[in-house]
Amino acid sequence: NVMLSAYIAGRDMASTEKLLSHASEAGVVDVSMYNTMIKAYLRLGDSRRARTLVLTMRSAGVAPNSVTFNELLDAAAGKGGSGMWEVVEEMEACGLKPNHVTCSILLKSVQNRSQPRDIERALEIVEKAEDAMDEVLLSSLCEACIRTNRSDLLARHL
């Protein structure tokens, strides 16, 4: 992972791809290596390549984890929310439950211009999350409900 990080820091994605390929051939590739690569591509603005890496990792027998999907979700949220719900659906299809990070990203992406269903879907995800709600998540929930003028939804969680 040190070499991978060094290549990424130098923006040498061709070398990172070669290193990942060699690690895969040697049977030493892991989810952390793929997540590092996915995050690098997302930071470079190449979400298509990041999504392709998820397919590659699954083909290599490496299961994506919550970090994988939270990175994709955060990138989608940063681009106005396009594709966020598809990421959540894929996460759940892989048998992963949303965690606090997932919920926080979803709630922070909900704005007053969001579709009315978005806040409701975000709250459904919060209710299904693997972790109990803490004060940070409750704060994000309150802020999302206030931004969308949906205090009626907030009452269910107080």
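Computed from a predicted model, the values in this text were never measured in an experiment.
- Between the side chain of Ser114 and the main chain of Gln111, a donor-acceptor pair closer than 3.5 Å is present.
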| request: Would you sort out whether Glu92 and Lys128 count as a side-chain contact (heavy atoms from CB on, under 4.5 Å), showing the intermediate values? | output: CA-CA 11 Å; Glu92 292 175 333; Lys128 292 191 295 188; 2.9 Å; yes
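- Applying the side chain to side chain contact (heavy atoms under 4.5 Å, CB included) rule to Met3 yields the partners Tyr7, Leu19; only residues at least two apart in sequence or on another chain are considered.
- Closest approach of Leu153 to Leu123, counting heavy atoms only: CB-CD1, 3.4 Å.
- The hydrophobic clustering, which links ILVMFWY residues whose side-chain heavy atoms are closer than 4.5 Å, places Ile38 and Ile105 together.
- At distances below 3.5 Å, not a single donor-acceptor pair connects side-chain atoms of Ser24 with backbone N or O atoms of Leu20.
- Residue Met57 is not grouped with residue Val67 when hydrophobic side chains (ILVMFWY) are merged at heavy-atom distances under 4.5 angstrom, including chains of intermediate members.
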List, one per line, each side-chain donor-acceptor pair under 3.5 Å for residues 69-78, sequence neighbours excluded.
residue : atom : partner : partner atom : Å
Asn70   : OD1  : Thr102  : OG1          : 2.6
Asn70   : ND2  : Ser66   : O            : 3.2
Asn70   : ND2  : Asn99   : OD1          : 3.2

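- Closest approach of Pro98 to Met91, counting heavy atoms only: CA-CE, 4.0 Å.
- With hydrogens and angles ignored, the 3.5 Å screen pairs a side-chain donor or acceptor of Ser59 with a backbone N or O of Leu55.
- Among residues at least two apart or in separate chains, there is no salt bridge (Lys or Arg N to Asp or Glu O under 4.0 Å) pair with a member in residues 132-146.
- Rounded to the nearest 0.5 Å, atoms CG (Leu107) and SG (Cys145) are 7.5 Å apart.
- The CZ atom of Arg117 sits 8.0 Å away from the CH2 atom of Trp85 when rounded to the nearest 0.5 Å.
- For Glu120, the CD atom is densely surrounded, since the number of other residues' heavy atoms within 6.0 Å is greater than 12.
- Smallest separation of non-hydrogen atoms from Pro64 and Leu96: O-CD1, 3.5 Å.
- Sorted by first and then second residue, the pairs that involve residues 51-61 and meet salt bridge (Lys or Arg N to Asp or Glu O under 4.0 Å), not counting sequence neighbours, are Arg51-Glu90, Arg58-Glu90.
- For Lys79, the side chain to side chain contact (heavy atoms under 4.5 Å, CB included) partners are Ser47, not counting sequence neighbours.
- Under the 4.5 Å side-chain heavy-atom criterion for Ile, Leu, Val, Met, Phe, Trp and Tyr, Ile8 and Leu44 are members of the same hydrophobic cluster.
- Both Leu4 and Leu42 are part of a single hydrophobic cluster, where members link through side-chain heavy atoms under 4.5 Å apart.
- Separation of atoms CD1 (Ile125) and CE (Met84) is listed at 9.5 Å; rounding is to 0.5 Å.
- We find the SG-CG distance between Cys103 and Leu141 to be 9.5 Å, quoted to the nearest 0.5 Å.
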Without placing hydrogens or testing angles, list every side-chain donor-acceptor pair under 3.5 Å for residues 26-34, not counting sequence neighbours.
residue : atom : partner : partner atom : Å
Asp30   : OD1  : Ser32   : N            : 3.3
Asp30   : OD1  : Met33   : N            : 2.9
Ser32   : OG   : Asn1    : ND2          : 3.3

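- Hydrophobic cluster membership differs between Ile146 and Leu137, with clusters built from Ile, Leu, Val, Met, Phe, Trp and Tyr side chains linked at under 4.5 angstrom.
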| query | Can you list the steps and then say if Glu89 with Val87 is a side-chain contact (heavy atoms from CB on, under 4.5 Å)? | reply | CA-CA 5 Å; Glu89 289 167 6; Val87 173; over 6 Å; no
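- In this structure a side-chain-to-backbone donor-acceptor pair under 3.5 Å is missing from Ser104 to His100.
- Asp12 contributes atom CG, which lies 8.0 Å from atom NZ of Lys18 (distance to the nearest 0.5 angstrom).
- With a 6.0 Å radius and a threshold of 12 heavy atoms from other residues, nucleotides or ligands, Arg113 has its CZ atom at or below the threshold.
- Salt bridge annotation for Arg121-Glu124: absent, with no cationic side-chain nitrogen under 4.0 angstrom from a carboxylate oxygen.
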